Protein chains: 2
Amino acid sequence: MATGRNHRPATSRSRGIPDATVARLPLYLRALTALSERSVPTVSSEELASAAGVNSAKLRKDFSYLGSYGTRGVGYDVEYLVYQISRELGLTQDWPVVIVGIGNLGAALANYGGFASRGFRVAALIDADPAMAGKPVAGIAVQHSDELERVIEENGVSIGVIATPAASAQPVADRLVAAGVTSILNFAPTVLSVPEGVDVRKVDLSIELQILAFHEQRKSGELPDDGRAVPGTDIGEDAGGGVTGSPVAPPAASVTKRTASAAPAATDRRGDEPGNDGDLPAVMPA
Amino acid sequence: MATGRNHRPATSRSRGIPDATVARLPLYLRALTALSERSVPTVSSEELASAAGVNSAKLRKDFSYLGSYGTRGVGYDVEYLVYQISRELGLTQDWPVVIVGIGNLGAALANYGGFASRGFRVAALIDADPAMAGKPVAGIAVQHSDELERVIEENGVSIGVIATPAASAQPVADRLVAAGVTSILNFAPTVLSVPEGVDVRKVDLSIELQILAFHEQRKSGELPDDGRAVPGTDIGEDAGGGVTGSPVAPPAASVTKRTASAAPAATDRRGDEPGNDGDLPAVMPA
DNA sequence: CTATCTTTGTGCACGCGTTCACAAAGACAT
DNA sequence: ATGTCTTTGTGAACGCGTGCACAAAGATAG
């Protein structure tokens, strides 16, 4: 998963569709599209729910926000539902998208086929590196950052994708917004601050992995002891660690007055320059 | 956001840390790491919260689940908190990870630096294409799928990343699980079914973009009319559609008996082979 | 030692989301 | 036309997450 929403004061749902439901509509749409391709005429809420990996009651309630599109005793008409959900999501219109930061990730995104098939169209690829300019990626010539504003205006772009290093993300976001973009998908590991009315969604692999690690640790049963409860046996693992040697050593629990010089964290980082840690998007451009 | 959680019966939090809190810990950790590198000794909940992009009350409540690590009137000791959160997330130990599917995305992931600096280590890159075998990606030689089980066993891998096309995702997941993997990060646009006790997290760019499109549509105020209210003027847009011509035509609302031959969806898909629509991960491998 | 000031930790209330369970609606058979 | 059977749509209860607001805790000055 990408990671949660961002900003936007909870009272966001314009007409009444809950955010949680909106987030599931693409899931339903995907499942329905698959059924459509297999020429299945109708599905029950039960079948569709299991295909989408959700609870059938939840699915029915979700659909109830869109209207009564089902037929009792039969189920839902696949084609009709595909259309209704597409329309509700705004996928029946063309969405020109600009991708900023054509590194490894940006290139991967540009190549993504699911883009076009869902109403999205890559209007331009932008990179700050002059050496990239003109290079074709996914059949589209990369343009220099200078062209950003012009491209946005000419194509009426309202959705931008940021795949730059963290340091560039905020400036890029500012320029996108200034040029008229009102929705941003951010792959850089930074908190973007944007004016009211601009939507930001964040995707961060690093966070997803850390969440997995948390649950993994719990499963192995061996959650490290409380850190303060057993002051004598704490460091055991960390001290000897070679490759396993972990980034952080346990500082003293007592707080008052401890200057940075005493900070053990400075000794970690196996070879990365400090400051470069989260500097690149989860999926890093070259 | 990558997309929500998956499976796992809500009563998951082992000792008492809410899932929502766990999902935010990496955010705090990133902000704290940045402070640590700037040698800032302490932060208030207010400062840290704004750096992480959350509410300060929420942050304090989150930390309260970990214990009382703050000092009233002063704030939190940065180094100590970095350690505590790292430990809680399980980042003080080494997590060997295997990446399956070395396309565009898989390669981008392998290159990601934030991996290693957080306790994750790429143990192996696996691809089904024999031509890939031996090729170095990010300094690691790609291995053929046949090696999957051996690699997992030898390295004690418990976390797997799937970056294959959708069709391969489930078989790969099955093999991962059978070999001992208990946490999976899935980039393929499919619902994976896994046995109890295996965690799956999903990242799907396509879904994120669709959610953005929804809000974007709402902002433009022009939400298309109700779709059933105007039965006469329905097809208008779709029939003539060129590039903008949308994937779905509005089928009749009446349900009963409509065979697949009448299904308009077969006429869409601008050039994609049917079935290839969501076939690749959000960020597609070559 | 006392007073003041800052900041944490948390009790409480509210709202959103999920789930259950069932009545209503329609299909289908007789 | 009537009855049965399937499946939807939703009212209601519950639980989690969020945010407010404040008391308790400690630092700091006098």
Side-chain angles (χ1 to χ4, degrees), chain A residues 4-25 27-28 41-50 52-78 80-81 84 253-258, chain B residues 1 3-13 16-25 27-28 41-50 52-78 80-81 84 253-258:
Chain A
R5 77 199 61 152
N6 222 355
H7 290 259
R8 205 151 46 73
T11 49
S12 67
R13 30 184 175 141
S14 304
R15 194 182 66 210
I17 300 184
D19 286 350
T21 295
V22 172
R24 280 188 294 268
L25 289 182
L27 285 180
Y28 302 145
T42 60
V43 270
S44 69
S45 63
E46 202 72 51
E47 294 168 321
L48 184 54
S50 90
V54 302
N55 180 304
S56 72
K58 195 185 296 186
L59 178 142
R60 286 199 300 276
K61 178 142 289 197
D62 283 343
F63 285 177
S64 77
Y65 292 114
L66 307 184
S68 284
Y69 295 152
T71 306
R72 299 180 191 225
V74 176
Y76 299 90
D77 181 276
V78 172
Y80 187 61
L81 206 46
Q84 288 299 344
S254 54
V255 178
T256 23
K257 287 290 130 54
R258 197 152 48 73
Chain B
M1 142 180 145
T3 323
R5 72 199 63 150
N6 225 353
H7 290 260
R8 207 153 45 74
T11 48
S12 66
R13 28 185 176 141
I17 300 184
D19 286 350
T21 295
V22 172
R24 279 189 295 268
L25 289 182
L27 285 180
Y28 302 145
T42 60
V43 272
S44 69
S45 62
E46 201 73 49
E47 294 167 322
L48 184 54
S50 89
V54 301
N55 181 306
S56 71
K58 195 186 296 187
L59 178 142
R60 287 199 299 276
K61 180 146 290 193
D62 283 343
F63 286 176
S64 77
Y65 292 114
L66 308 184
S68 285
Y69 294 150
T71 306
R72 299 179 191 226
V74 176
Y76 298 91
D77 182 275
V78 172
Y80 186 61
L81 205 46
Q84 289 298 344
S254 55
V255 178
T256 24
K257 286 291 132 49
R258 196 152 48 73

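None of these values were measured; they are calculated from a predicted model. Naming: A, B, ... by sequence-line order, numbering from 1 per chain.
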>> If you take the centroid of each ring, where Trp contributes its six-membered ring, are A:Tyr69 and A:Phe63 closer together than 6.0 Å?
In response: no

> Is there a donor on the side chain of A:Lys61 or the base of C:dT19 sitting less than 3.5 Å from an acceptor on the other?
Replying inline: yes

> How do B:Thr21 and A:Asp62 order along DNA chain D: which one's closest nucleotide is nearer the 5' end?
Replying inline: A:Asp62

> Between D:dG11 atom P and A:Arg60 atom CZ, what is the distance in whole Å?
Replying inline: 14 Å

> Once you round it to whole Å, what is the distance between C1' of D:dT8 and CD of A:Glu46?
Replying inline: 12 Å

> Taking atom P of D:dA12 as reference, at what distance in whole Å does atom NZ of A:Lys58 sit?
Replying inline: 22 Å

>> Output the rounded distance in Å from CZ (A:Phe63) to P (D:dT7).
In response: 16 Å

> Between B:Leu59 (CG) and C:dT7 (C1'), how many Å, whole number?
Replying inline: 12 Å

>> A:Leu25 vs A:Leu66, test: side chain to side chain contact (heavy atoms under 4.5 Å, CB included). Steps then yes/no.
In response: CA-CA 10 Å; A:Leu25 289 182; A:Leu66 307 184; 4.1 Å; yes

>> Looking only at the side chain of B:Asn55 (C-beta and beyond, no hydrogens), which of the listed nucleotides D:dG19, C:dA27, D:dG9 gets closest?
In response: D:dG19

>> What is the distance, to the nearest angstrom, from the CG atom on A:Leu48 to the C1' atom on D:dT8?
In response: 13 Å

> Is A:Ser45 near enough to D:dT8 that one of its side-chain N or O atoms lies under 4.0 angstrom from OP1 or OP2?
Replying inline: yes

> Does the side chain of B:Glu47 reach to within under 4.5 Å of the side chain of B:Tyr76, using non-hydrogen atoms?
Replying inline: no

> Which value, rounded to the nearest 0.5 Å, describes the distance between B:Ser64 atom OG and B:Arg60 atom CZ?
Replying inline: 10.0 Å

>> Just to verify, what does A:Arg24 make a salt bridge (Lys or Arg N to Asp or Glu O under 4.0 Å) with, not counting sequence neighbours?
In response: A:Asp62

> In whole angstrom, what separates A:Tyr76's OH from D:dT7's P?
Replying inline: 12 Å

> Taking atom P of C:dG17 as reference, at what distance in whole Å does atom CG of A:Asp19 sit?
Replying inline: 6 Å

>> Using only modelled atom types and a 3.5 angstrom limit, is any donor from either the side chain of A:Arg72 or the base of D:dT8 paired with an acceptor on the other?
In response: yes

> Between A:Gly73 and A:Ala57, who's closer to the 5' end of DNA chain D by nearest nucleotide?
Replying inline: A:Gly73

